[in-house]
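A short write-up of the structure that comes next.
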Amino acid sequence: MNVLVINAGSSSLKYQLFNMKTESILAKGLCDRIALDGHLKHTPANGKPVYDSDIPLPTHAEAISAVIDKLTSEDYGVIGDLSEINAVGHRAVHGGRKFFGSTLINDDVIATLEDYIRLAPLHIPANLMGIRACQSVMPNIPQVAVFDTSFHYTMPEYAYIYPIPYKYYELNDIRRYGFHGTSHRYVSAIAIEHLNLTGKESKVITCHLGNGSSLAAVRDGISIDTTMGVTPLEGLPMGTRAGSVDPSMADIIATTDGSSLKEAINILNKKSGVLGIYEKSSDFRDIELAAGVDGNTGFIDSSKEHDKRAMLALDIFCYHAAKYIGAYVVALGGLDAIVFTAGIGENSPYVRKAICDRLGGLDVCIDDQKNVGRVSGFRDVTGIGSKAKIFVIPTNEELVIARDTIELINK
Ligand code: ADP
């Protein structure tokens with residue numbers, strides 16, 4: 001069984017083709033600049049050459065056709081023909097109040113997603129373009145949607161209902177949804193396995209730290225709270241997003257700049273977070289370098305110049321992450337493990353240490369030596385005497401999507 005996993009953005013489309021017998025990747029790639037000029041990078045895993053070239057991609061459907069062409073071509077291919085793709089799994093950003101699990105895509109699902117564009121106007125149209133493109137190019141192959149929000153569906157009402165007039169929840173589905181659910185689900189399950197607590201009581205905090213960042217409180221394998229909200233803007237400060245700030249901020253920014261509320265929200269989404277503070281980059285590698293951090297050890301190199309704003313941006317990020325961990329220990333009623341994952345969580349010893357060094361009040365500490373460097377795969381970086389484990393676990397959202405897809409089409 002082979003599953004094609006699709007992650008469609010407004011002008012890009014990432015894909016991975018999985019052989020589900022071995023759960024191995026047969027090929028992966030990225031269609032970029034769709035509807036502009038178009039570029040395709042296709043990487044087969046069978047030793048055939050990488051295709052990396054400009055190619056006209058006027059629509060998502062043409063991008064999917066180009067992907068199928070490469071997957072089945074003599075020079076770059078990994079399968080004989082389309083019949084070797086058994087199903088397509090789509091990453092879908094927002095499942096609203098209806099989709100509490102992954103689902104086979106049919107006309108009703110598409111109609112509901114169209115209605116939910118009001119909840120995620122930037123993301124759902126792109127997901128729909130990816131789904132429609134696959135339907136047109138592969139009409140007889142089952143398609144599955146796997147939602148970023150589903151894992152958090154189990155939050156209790158008091159965690160997901162906002163303290164605003166209740167009618168907005170009733171009439172417009174305004175509630176906390178949370179995102180990165182596929183990642184939180186995947187890494188929390190691995191953590192629970194390593195704790196030998198599968199099927200038993202467990203209390204895990206997962207920290208998905210990437211361009212977009214969120215934390216989740218996971219009790220007995222189930223999400224009971226998460227930092228992102230009705231949109232991904234809430235919660236931690238991120239690369240370019242402000243995270244939770246005084247809601248009056250949008251009005252204050254609009255008044256200060258003489259701009260619209262929409263433009264002010266755009267500033268909170270695209271020009272804030274660590275970029276807003278450091279101003280030169282939102283990339284943690286750049287910010288750490290400017291702050292004098294040794295990227296390999298995570299230690300500050302005192303012989304180097306320290307950019308004060310870069311340091312402040314890192315401090316703000318790590319302080320808020322630690323503060324949410326404290327809050328989630330309360331939500332969980334204890335703590336068995338903290339998990340770090342995604343671009344920053346997996347690769348930045350500095351951020352992991354700077355967060356954990358703030359957790360002394362919880363009797364949690366990291367091992368500075370085990371934390372050093374970049375190692376692929378699962379890592380236990382718990383310090384001696386720590387009351388909870390600290391794990392680094394590479395996330396794999398595509399594999400979860402492929403697994404859910406297979407499970408649904410085999411039902
Ligand atoms: P997303 O999927 O949300 O776009 P990723 O999970 O790929 O983001 O994470 C991207 C972030 O990870 C960037 O801020 C990048 O700087 C950071 N990152 C990647 N490698 C490192 C590293 N070695 N040290 C510090 N930060 C890193």
Side-chain angles (χ1 to χ4, degrees), residues 5-16 28 30 32 91 93 120 122-123 126 146 148 178-184 186-187 206-216 226-228 231-243 269-301 307 310-311 313-318 320-321 339-356 371-377 379 381 392-401:
V5 173
I6 299 287
N7 183 354
S10 54
S11 65
S12 71
L13 188 147
K14 287 187 210 148
Y15 64 92
Q16 289 190 8
K28 63 180 178 181
L30 169 69
D32 222 354
R91 177 182 180 205
V93 169
L122 296 179
H123 294 105
V146 179
D148 271 15
F179 298 86
H180 298 136
T182 319
S183 175
H184 289 295
Y186 178 73
V187 297
T206 45
C207 308
H208 178 108
L209 309 179
N211 275 324
S213 295
S214 68
L215 264 61
T226 190
T227 52
M228 284 179 166
T231 77
L233 178 55
E234 196 180 339
L236 279 175
M238 311 175 206
T240 64
R241 293 188 195 123
N269 265 305
K270 303 250 172 82
K271 303 255 163 71
S272 300
V274 291
L275 173 67
I277 303 301
Y278 176 51
E279 293 180 322
K280 292 179 192 144
S281 172
S282 64
D283 191 305
F284 272 66
R285 283 164 292 202
D286 299 338
I287 301 173
E288 288 187 7
L289 191 69
V293 172
D294 179 319
N296 189 45
T297 62
F299 297 131
I300 301 269
D301 185 339
D307 182 297
M311 203 61 241
L314 291 174
D315 278 345
I316 291 174
F317 181 81
C318 297
H320 281 88
V339 179
F340 289 101
T341 193
I344 301 163
E346 290 167 33
N347 297 305
S348 172
Y350 173 81
V351 167
R352 291 194 298 262
K353 178 173 158 55
I355 293 172
C356 292
N371 183 44
V372 161
R374 271 181 291 282
V375 180
S376 60
R379 288 167 79 184
V381 294
V392 182
I393 304 179
T395 194
N396 195 340
E397 289 157 292
E398 292 78 12
L399 179 60
V400 178
I401 294 170

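Numbers here are sequence positions counted from 1. No experiment lies behind these values; they were computed from the predicted model shown. Atoms within each ligand, like the ligands themselves, are counted from 1 in listed order.
Near Ala342, the atoms of ligand 1 lying under 4.0 angstrom from a non-hydrogen atom of the residue are 6 (O). Taking every heavy atom of Ser348 and a limit of under 4.0 angstrom, the matching atoms of ligand 1 come to 25 (C). Numbered from 1 in the order shown, with element, the atoms of ligand 1 that lie under 4.0 Å from a heavy atom of Gly212 read 3 (O).
Here Lys14 contributes atom NZ and Lys28 contributes atom NZ; the two are 11.0 Å apart, rounded to the nearest 0.5 Å. For the atom pair CG of Leu289 and CG of Asp307, the computed distance is 10.5 Å after rounding to the nearest 0.5 Å. Separating the OG1 atom in Thr182 from the CG atom in Asp148 is a distance of 5.0 Å, to the nearest 0.5 Å. If you take CD on Glu397 and CG on Asn7, they are separated by 8.0 Å, rounding to the nearest 0.5 Å. Of the inter-residue distances, the one linking Met228 atom CE with Leu215 atom CG reads 10.5 Å to the nearest 0.5 angstrom. Within the model, atoms CG of Leu122 and OG1 of Thr231 stand 9.5 Å from one another, a figure rounded to the nearest 0.5 Å.
The shortest contact between atom 24 (N) of ligand 1 and any protein heavy atom is with Asn347 O, 3.5 Å. Among protein heavy atoms, the minimum distance from atom 8 (O) of ligand 1 is reached at Asn211 N, 3.1 Å. The protein heavy atom nearest to atom 23 (N) of ligand 1 is Arg374 NH1, 3.1 Å. Counting protein heavy atoms only, atom 16 (O) of ligand 1 is closest to Asp283 OD1, 2.3 Å. For atom 26 (N) of ligand 1, the nearest non-hydrogen atom of the protein is Phe284 CB, 3.6 Å. For atom 11 (C) of ligand 1, the nearest non-hydrogen atom of the protein is Ile344 CG1, 3.8 Å.
Of the listed residues (Lys353, Arg285, Glu288), just one forms a side chain to side chain donor-acceptor pair (under 3.5 Å) with Ser348, and that residue is Glu288.
Taking only nitrogen or oxygen atoms, main chain and side chain alike, Glu288 does not reach within less than 3.5 Å of ligand 1. Checked by distance only, ligand 1 and Gly343 come closer than 3.5 Å through their nitrogen or oxygen atoms. Checking only distances, His208 never comes within under 3.5 Å of ligand 1, N or O to N or O.
Not a single heavy atom of Gly295 lies less than 4.0 angstrom from ligand 1.
For atom 2 (O) of ligand 1, no protein non-hydrogen atom is found at a distance below 4.0 Å.
A donor-acceptor pair shorter than 3.5 Å cannot be found between the side chains of Thr226 and His180.
Residues Thr206 and Ile393 fail the side-chain proximity criterion, which asks for heavy atoms closer than 4.5 Å.
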